[in-house]
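Notes for the one structure printed next.
Just so you know, ligand 1 is whichever comes first in the structure, and atom 1 is the first atom listed for that ligand. Because only heavy atoms are used, hydrogens play no part in the values below, and waters and symmetry mates are left out as well, while side chains stay in.
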Amino acid sequence: ATGSAPAVPIDERFDIAYVTPVTIGTPPQTLMLDFDTGSSDLWVFSSHMPPFQVRGQEIYTPDESSTARLLEGHTWSIMYGDGSASRGNVYVDTFAVGGLTVLNQAVQTAQQVSASFTSATNIDGLVGLGFSTLNTVRPESQLTFFDNAKASLDNPVFTADLKYMAAGTYDFGFIDRAKYTGEITYVPIDPDPGYWIFTSSGYAVGASSNFSATPIIGIADTGTSLVYLPTAVLTAYYRQVQGATNSRSYGGYVFPCDSALPSFTFGVGEERFTIPASYIRYAPVTEGSATCFGGLQSSSELGINIWGDVALKAAFVVFDSRSPPRIGWAKK
Ligand SMILES: CSC[C@H](NC(=O)[C@H](Cc1ccccc1)OC(=O)N1CCC(N)CC1)C(=O)N[C@@H](CC1CCCCC1)[C@@H](O)Cn1ccccc1=O
């Protein structure tokens with residue numbers, strides 16, 4: 001089996017996050033979920049939440065699904081890197097995305113979500129695409145939809161073709177030759193503790209002229225908007241940007257929106273990928289401001305480097321969960 005589904009930006013002005021239509025239950029209930037390679041819980045806004053915590057999101061109502069079954073005594077609770085959080089109980093139901101159907105998928109129904117989820121009106125929940133070891137359901141942790149689907153997939157892979165201010169695609173079970181050019185460069189993944197961790201071979205500010213071959217260990221994370229890298233890399237980049245400052249009040253590097261920005265190149269093995277300046281001129285700090293927030297930010301508070309959507313948009317990425325798992329990057 002194979003599947004293919006769109007990854008649609010939730011905001012038409014900046015790529016804050018991407019959502020993908022899925023159906024849950026019988027008859028099918030359609031929700032738009034954020035597919036996140038940085039986590040491994042499939043959770044949804046649900047009829048079990050206090051109504052004031054729902055602000056326009058679609059909800060899953062298990063009582064209206066003839067195939068829903070409560071997973072007695074199971075609960076979950078998750079906190080993300082940006083401090084957002086959610087928790088609730090667990091059902092098993094039919095889950096479908098892009099033509100792929102998984103029977104008896106653990107669907108984690110929210111009973112409480114943090115304010116940032118309530119205000120993210122276009123995200124109805126998440127689909128974790130990390131390794132199932134990260135799943136927070138207790139007393140028995142649950143498998144991701146990808147792990148449940150894997151045996152029936154033509155190949156144990158999924159690919160991300162995210163796009164700048166446009167809908168991209170997540171493919172499951174196959175690698176679409178039409179979505180990339182040249183060859184795919186694969187590098188090993190460390191599946192412990194459960195993210196898609198790989199080592200980039202280095203970086204260059206601007207095109208790959210002055211490439212600095214320093215290994216950068218980081219995660220490929222579709223659920224994170226920006227790129228978070230070591231301070232040394234950030235200062236090397238923003239040194240080239242007129243008026244750039246690391247603003248405590250805005251919580252990161254900002255610069256005048258009309259400043260000239262260099263591109264940013266990162267290495268995967270011998271291959272070089274360039275993030276265009278337009279992706280790094282991320283967004284005005286507030287509506288209409290002449291100060292822009294950078295798409296490259298410091299990872300020093302996170303303790304982990306993150307190649308988020310700003311980097312993933314610059315490539316076609318293969319998440320290959322054969323043994324040993326690996327990640328592939330190709331130009332497009
Ligand atoms: C550097 S971890 C920060 C990152 N959250 C972001 O990237 C949010 C995404 C977002 C988008 C729309 C509405 C609300 C939030 O967006 C910003 O934080 N932005 C964008 C807007 C900018 N102006 C400021 C910076 C993050 O926790 N991701 C997790 C998945 C997210 C959670 C929030 C909802 C969307 C999916 C996750 O993969 C991060 N993870 C990765 C590894 C280990 C643990 C962990 O937890």
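For ligand 1, none of its N or O atoms has an N or O atom of Asp34 under 3.5 Å away. Considering backbone and side-chain atoms together, Thr224 places an N or O closer than 3.5 Å to an N or O of ligand 1. For a threshold of 3.5 Å applied to N or O pairs, the pair formed by Tyr228 and ligand 1 contains no separation below that value. At a 3.5 angstrom cut-off on N or O pairs, Gly81 counts as close to ligand 1.
Taking 4.5 Å as the limit, some side-chain heavy atom of Ile197 sits within range of a side-chain heavy atom of Ile217. No side-chain heavy atom of Val102 sits less than 4.5 Å from a side-chain heavy atom of Thr94.
Under a 4.0 Å criterion applied to the non-hydrogen atoms of Ser84, ligand 1 contributes the atoms 32 (C), 33 (C). When each atom of ligand 1 is checked for a heavy atom of Leu302 under 4.0 Å away, the hits are 1 (C). Of all the atoms in ligand 1, the ones that sit under 4.0 Å from a non-hydrogen atom of Asp221 are 37 (C), 38 (O), 39 (C), 40 (N), 41 (C). Applying the 4.0 Å criterion to heavy atoms of Ile306 picks out, from ligand 1, the atoms 1 (C).
Of the heavy atoms in Thr37, none comes closer than 4.0 Å to ligand 1. Only the side chain of Tyr195 comes within contact range of ligand 1, with a heavy atom under 4.0 Å; no backbone atom does. Here Ile219 has side-chain heavy atoms under 4.0 Å from ligand 1, and that is the only part of it that gets that close.
Put simply, the residue from Phe319, Phe316, Phe198 that forms a ring pair (Phe, Tyr, Trp, His ring centres under 6.0 Å) with Trp329 is Phe198.
Under the 4.0 Å distance rule, the nearest protein heavy atom to atom 1 (C) of ligand 1 falls inside the cut-off.
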- Message: Set out, in order, the CA-CA distance, both residues' side-chain angles and the distance that settles ring-ring contact (aromatic ring centres under 6.0 Å, His included) for Phe95 and Phe145, then state yes or no.
- Response: CA-CA 8 Å; Phe95 176 84; Phe145 120 81; 5.3 Å; yes
- Message: salt bridge (charged side-chain N to carboxylate O under 4.0 Å, His left out), that's the test. Do Lys313 and Asp15 meet it? Break it down for me.
- Response: CA-CA 10 Å; Lys313 283 184 278 194; Asp15 302 330; 2.8 Å; yes
- Message: The test is side-chain hydrogen bond (donor to acceptor under 3.5 Å, both in side chains); show your working for Asp82 and Ser84 and say whether it passes.
- Response: CA-CA 6 Å; Asp82 59 17; Ser84 54; 2.5 Å; yes
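Here CD of Glu271 is found 9.5 Å from OG of Ser201. Values are rounded to the nearest 0.5 Å.
Compare Ala120, Ser40, Gly128 by their heavy atoms: the one nearest to atom 13 (C) of ligand 1 is in Ala120. Closest heavy-atom approach to atom 16 (O) of ligand 1 within the set Gly251, Gly130, Ser225: this belongs to Ser225. Nearest to atom 10 (C) of ligand 1 by heavy atom, out of Ile16, Asp309, Ile10, is Ile16.
For Asp161 and Lys179, the salt-bridge test fails: no basic side-chain N is under 4.0 Å from an acidic carboxylate O. Taking a cutoff of 4.0 Å between a charged side-chain nitrogen and a carboxylate oxygen, Lys331 and Glu183 do not qualify as a salt bridge.
Phe117 counts as a contact of ligand 1, since one of its heavy atoms falls under 4.0 Å from the ligand.
The nearest pair of heavy atoms linking Tyr18 to Ala166 is CE2-O, 4.1 Å.
If you check which protein heavy atom lies closest to atom 23 (N) of ligand 1, you get Tyr282 CE2, 4.1 Å. Protein heavy atom at the shortest distance from atom 15 (C) of ligand 1 is Asp82 OD2, 3.7 Å. In terms of protein heavy-atom proximity, atom 31 (C) of ligand 1 is closest to Gly223 O, 3.3 Å.
A cation-pi contact, defined as under 6.0 Å to the ring centre and within 45° of the axis, is absent between Arg272 and Phe266.
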